[in-house]
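So you know, we letter chains A, B, ... as the sequences are listed, proteins then strands, and number each from 1.
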Amino acid sequence: MFIPTLKESPADSEVISHKLMVRAGMIRQLAAGIYSTLPLGLRVLRKVEQIVREEMNRIGGQEVFMPSVQPAELWMESGRWSLYGKELLRIRDRHDREFCYGPTHEEVITDIVRKEIKSYRQLPALFYQIQTKFRDEVRPRFGIMRGREFMMKDAYSFHVSEDSARETYQDMIDAYSNIFRRCGLDFKMVEADTGTIGGHHSHEFVVLADSGEDAIGFCDSCDYASNMEKAAARAPAPPANPEEPAPLKEVSTPNKKTVEEVSRFLGVSPQKILKTIVFETDAGLVAGLVRGDRQVNPIKLKNLIGCEWLHPAEEKAIAEKTQAPRGFVGPVKLPIKIYADPEVPLPRNMVAGANKMDAHYTGVQAGRDFSIEKTGDIRMVEEGEPCPKCDRGRYKIRRGIEVGHIFILGTKYSAPLKAQYLDAQGKENAMVMGCYGVGVGRTAAAAIEQNHDEKGIVWPLPIAPFQAVVIPVNYAVDAVKDASDKTYDTLWSLGVETLLDDRSDRLGVKFNDADLIGIPLQIVIGPKNLESGKIEIKTRKTNQSGLHDFPDVLQKIPEMLKGL
RNA sequence: CGGGAUGUAGCGCAGUUUGGUAGCGCACUUCGUUCGGGACGAAGGGGCCGGAGGUUCGAAUCCUCUCAUCCCGACCA
């Protein structure tokens, strides 16, 4: 088998899974975020795929295979042709017709279903596929973990009702839990924002790893867990001793722009300063107001406003509306809508920018000095703060790799694409949809992140490319060759996927490569042990080895594997 | 898309400051000796120094442009 291992990691790799996949001869890079999968790597992907298939089939999923190249019209119909942005790789054919390389397949599956499924009697329906997707990521990185082209399982369900969708959603939760458990992963299911896919109910499956790109918050006491995009803050308790309202007063704060500078200059704690961040949105400029020691969570803010998009406003746009440079913006007499965190309107005297250069107000009171358009949780939560769900828990914040994401979409696609069914009363309704993704390559990479040591990969048995590797000490010695070949053949006949290292390299090379590619069981066959009828069996994970009778032990190997 | 860095043999790198026609380690080929944890010796093969243009008698080296890749940030199922 072609397994081009490397002693040194390529210079352009950063995370451990990327280094090890390249070193183990699983993948090679072709362009930024685009990888070829070599034989060993493919065997792992196929293992993950097979587990996914089994779990999808178990809950009634039917496998399909949809085109990777999709016509623009379909995307225009759903509205995403203009919404999706540069991440969508757009291409033209020879007739100058527009297409895209599919980043996901809601449009295509919905097109199939709207044409073929007409009656409530045909619902619910659940389809899935395992396909290569392309998303033209701004910055691909971390090897196969954040590639532009990647293998993904995507599933789509169609229902007559929200309740029905929720049933399938629950099935998916079970299936996904099985998938990631079977892949040997330590994962968490967390509440998530729906992002550009849309919908209103969503969970991510996240593998805890320091190299992960997602931050997640979870309770150290109950089962609450959420992506930091969404992690809820517990409603603030009103202060025990409300402060006597002080008059609004302007104070000079020359060149004090940051919360920290103002806090030090005026001798007030950051908690008593109002942080005013101006955002540009499709609904115009808005201000997000949080306590000085907090951070605005733009996604929560966007959801509170109910707008399509939002980003921090340019200095120029701020100046036009407020006559104040950044750092001196405040809510008092601010001519734009104010959205505030619940910590803001508590009865306290606050400090805020005076909307003019080098000045702040003290004694600011929400309600009296400015009015709030809408109050809601719009801040980032922090490590150690109280859990929003239970009374005892505290937030923990960790990084993780998103390996699965499930959504209830509602009618976001079925309505514009007119995927309708006739109900029992003969009335037309839009189907309720759900969609469910698993990053296949990312799951394999995540498994490496969680299962490796200084020598290389330590594959969990279910996704190991092979279960055993036969290492002849010297394949040129007839007795060793015969015993090795016999072991190899016997193991395959016993259903053990086995690799035979028949290279003429020195033993050390073979051992090191075997450790690197992480096959769970190493079977070492050498002339000395063979003379006394023994072979050596070593487990990769524990590095423990023992001598066993040859060939009798071969029959016991399937049993030994079960114990791993 | 902003900031930073790097492109020299299959891989990892030196050489660039101070211009003189390319080197080291690993890998590869051949021979010999080795052979239970990345062997040793000898002899070899392989690079128009990312690309284009310019300066110069002469450019891997200096200048301009360009492309690629990586890192940080912004963004993101």
Side-chain angles (χ1 to χ4, degrees), chain A residues 4-15 18-19 22-23 25 28-34 80 83-88 102-106 131 133-143 145-148 150-156 192-199 202-206 213-215 227 229 298-299 309-312 314 401-407 409 435-440 442 455-456 471-477 480 501 503-516 522 524-531 534-536 538 543 545 547:
Chain A
T5 56
L6 300 173
K7 281 188 195 176
E8 297 178 276
S9 300
D12 56 8
S13 62
E14 192 65 18
V15 296
H18 184 199
K19 289 181 188 182
V22 174
R23 284 227 292 140
R28 286 293 184 265
Q29 182 174 41
L30 181 64
I34 301 178
R80 287 208 294 182
L83 279 177
Y84 217 95
K86 288 190 179 172
E87 202 176 301
L88 184 64
T104 173
H105 285 70
E106 281 83 6
Q131 238 284 23
K133 314 282 189 196
F134 194 97
R135 295 183 191 167
D136 200 355
E137 297 276 353
V138 189
R139 182 144 104 82
R141 64 185 116 175
F142 300 156
M145 220 144 85
R146 177 81 183 272
R148 291 194 291 174
F150 56 97
M151 194 68 85
M152 175 169 161
K153 185 282 303 181
D154 47 323
Y156 306 91
D193 189 70
T194 54
T196 50
I197 291 281
S202 173
H203 284 87
E204 284 174 358
F205 288 78
V206 176
E213 293 190 276
D214 269 21
N227 191 300
E229 292 175 345
I299 293 171
W309 55 266
L310 154 160
H311 59 79
E314 306 279 328
I401 302 161
E402 179 191 357
V403 289
H405 201 155
I406 60 179
F407 303 77
L409 297 171
C435 79
Y436 321 89
V438 170
V440 172
R442 197 182 267 191
K455 304 220 93 177
I471 304 172
V473 168
N474 188 340
Y475 199 61
V477 173
V480 173
D501 191 346
R503 296 176 300 174
S504 59
D505 290 78
R506 300 170 72 83
L507 227 214
V509 173
K510 294 193 263 196
F511 279 148
N512 281 306
D513 277 351
D515 287 343
L516 175 62
Q522 299 176 5
V524 185
I525 300 180
K528 286 179 202 154
N529 287 330
L530 222 43
E531 274 172 27
K534 303 281 188 184
I535 59 175
E536 183 182 340
K538 190 180 102 176
N543 204 35
S545 64
L547 293 178

| request: From the options B:G38, B:G36, B:C71, select the nucleotide whose nearest atom is closest to the side chain of A:Glu14. | output: B:C71
| said: Looking at B:C48, which nucleotide sits across from it as a Watson-Crick or G-U wobble partner, both distances under 3.5 angstrom, or is there none? | reply: none
| query | Using a cut-off of 4.0 Å on non-hydrogen atoms, how would the nucleic acid contact of A:Lys455 be classed: base, sugar-phosphate, or nothing? | reply | base
| request: Between B:C48 and B:U66, how far apart are the P atoms? Round to whole Å, please. | output: 26 Å
| query | Is A:Tyr156 reaching over with its side chain to a backbone N or O of A:His105, donor-acceptor style, under 3.5 angstrom? | reply | yes
| Rounded to whole angstroms, how far apart are CG on A:Leu30 and P on B:A68? | 13 Å
| query | Now, which nucleotide makes the Watson-Crick or G-U wobble pair with B:U55, with each of the two distances under 3.5 Å? | reply | none
| Nearest-Å distance, CZ (A:Arg28) to C1' (B:G10)? | 10 Å
| task | For A:Asn512, answer base if it contacts any base atom (sugar-phosphate contacts may also be present), sugar-phosphate if it contacts only those atoms, and nothing otherwise; contact means non-hydrogen atoms under 4.0 Å. | result | base
| said: Categorize A:Glu8 for me: base, sugar-phosphate, or nothing, with a 4.0 angstrom heavy-atom threshold over every strand shown. | reply: base
| note | Regarding the side chain of A:Ala11, the nearest nucleotide among B:C76, B:C13, B:U69 is B:C13
| query | Should A:Lys538 and A:Asp515 be marked as a salt bridge (Lys or Arg N to Asp or Glu O under 4.0 Å) after you check the CA-CA gap, both sets of side-chain angles, and the distance that decides it? | reply | CA-CA 11 Å; A:Lys538 190 180 102 176; A:Asp515 287 343; 3.6 Å; yes
| query | For B:A68, which nucleotide is its Watson-Crick or G-U wobble mate, given both distances must be under 3.5 Å? | reply | B:U6
| said: Once hydrogens and angles are ignored, does a donor-acceptor distance under 3.5 Å link the base of B:G25 to the side chain of A:Lys7? | reply: no
| message | Please give the distance between the P atoms of B:C63 and B:A22 as a whole number of Å. | response | 23 Å
| query | Contact class for A:Gly439 vs. all strands (heavy atom < 4.0 Å): base, sugar-phosphate, or nothing? | reply | base
| query | Is it true that a side-chain atom of A:Glu137 and a backbone atom of A:Arg139 form a donor plus acceptor pair closer than 3.5 Å? | reply | no
| So does A:Asp515 reach the base of B:G37 with its side chain, donor to acceptor, closer than 3.5 Å? | yes
| message | If I take atom CZ in residue A:Phe142 and atom P in nucleotide B:U69, what distance separates them, rounded to the nearest angstrom? | response | 17 Å
| query | Can you tell me if the side-chain N/O atoms of A:Arg141 get under 4.0 Å from OP1 or OP2 in B:C70? | reply | no
| remark: Re B:C24: Watson-Crick or G-U wobble partner, both distances kept under 3.5 Å, found to be B:G12
| remark: Taking B:C1, B:G37, B:G36 as options, the one with an atom nearest any side-chain atom of A:Val138 is B:C1
| Using the P atom in both, what is the distance from B:G23 to B:U34, to the nearest Å? | 34 Å
| message | What verdict does the salt bridge (Lys or Arg N to Asp or Glu O under 4.0 Å) test give for A:Glu106 and A:Arg80, after you've listed the backbone C-alpha separation in whole Å, the side-chain angles of each residue and the deciding distance to 0.1 Å? | response | CA-CA 10 Å; A:Glu106 281 83 6; A:Arg80 287 208 294 182; 2.9 Å; yes
| query | Quick one: A:His405 NE2 to B:C76 C1', roughly how many Å, whole number? | reply | 12 Å
| task | Round to a whole Å and report the spacing from CG of A:Asp513 to C1' of B:C26. | result | 14 Å
| request: Provide the distance between the two C1' atoms, one in B:C76 and one in B:A60, to the nearest whole Å. | output: 40 Å
| If you take atom types as modelled and just measure distance, does the side chain of A:Asn529 reach the base of B:G36 with a donor-acceptor pair under 3.5 Å? | yes
| Separation of B:G38 C1' from A:Leu507 CG (nearest whole Å) | 11 Å
| request: Give the minimum heavy-atom separation between A:Tyr436 and A:Phe407, together with the two atoms involved. | output: CE2-O, 3.9 Å
| task | Once you apply the 3.5 Å cut-off to both distances, tell me the Watson-Crick or G-U wobble partner of B:U18, or none. | result | none
| message | For the backbone of A:Met151 and the side chain of A:Lys133, can you confirm whether one donor and one acceptor N or O come within less than 3.5 Å of each other? | response | no
| Contact nearer the 5' end of RNA chain B, comparing A:Arg148 with A:Lys528 | A:Lys528
| task | Indicate, with a heavy-atom threshold strictly under 4.0 Å, whether A:Ser13 touches base, sugar-phosphate, or nothing. | result | nothing
| said: If I pick the C1' atom on B:G3 and the same atom on B:G50, what distance separates them, to the nearest angstrom? | reply: 23 Å
| request: Look at all strands and tell whether A:Pro10 reaches a base, only sugar-phosphate, or nothing, counting heavy atoms closer than 4.0 Å. | output: sugar-phosphate
| remark: Checking N1-N3 plus N6-O4 or O6-N4 for Watson-Crick, or N1-O2 and O6-N3 for wobble, each under 3.5 Å, the partner of B:G36 is none
| Which nucleotide sits closest to the side chain of A:Arg146: B:C71, B:C76, B:G37? | B:C76
| remark: Whole-Å distance, A:Arg139 CZ to B:A68 C1', equals 16 Å
| said: Measuring from atom OG1 of A:Thr104 to atom CD of A:Glu87, what distance do you get when rounded to the nearest 0.5 angstrom? | reply: 10.5 Å
| Quantified in whole Å, what is the C1' atom distance between nucleotide B:C26 and nucleotide B:C72? | 32 Å
| note | Heavy-atom nearest nucleotide on RNA chain B taken for A:Thr5 and for A:Val440; more 5' hit belongs to A:Thr5
| Where A:Ile525 and A:Val480 come nearest, the two heavy atoms and their spacing | O-CG1, 3.5 Å
| request: Using a 4.0 Å heavy-atom cut-off across all strands, classify A:Glu402 as base, sugar-phosphate, or nothing. | output: base
| field | Span that lies between the P atom of B:U29 and that of B:C13, in whole angstrom | value | 24 Å
| query | For B:G38, does OP1 or OP2 lie under 4.0 Å from any side-chain N or O of A:Arg506? | reply | no
| message | Does the structure show a Watson-Crick or G-U wobble partner for B:A42, both distances under 3.5 Å? Name it, or say none. | response | B:U30
| Who pairs with B:G73 - Watson-Crick or G-U, where each distance is under 3.5 Å | B:C1
| With distance as the sole criterion, is a donor-acceptor pair present between the side chains of A:Asn227 and A:Asp214 under 3.5 Å? | yes
| query | Using atom C1' of each nucleotide, how far apart are B:C28 and B:C11 to the nearest Å? | reply | 12 Å
| field | Spacing between A:Arg503 atom CZ and B:G36 atom C1', to the nearest angstrom | value | 16 Å
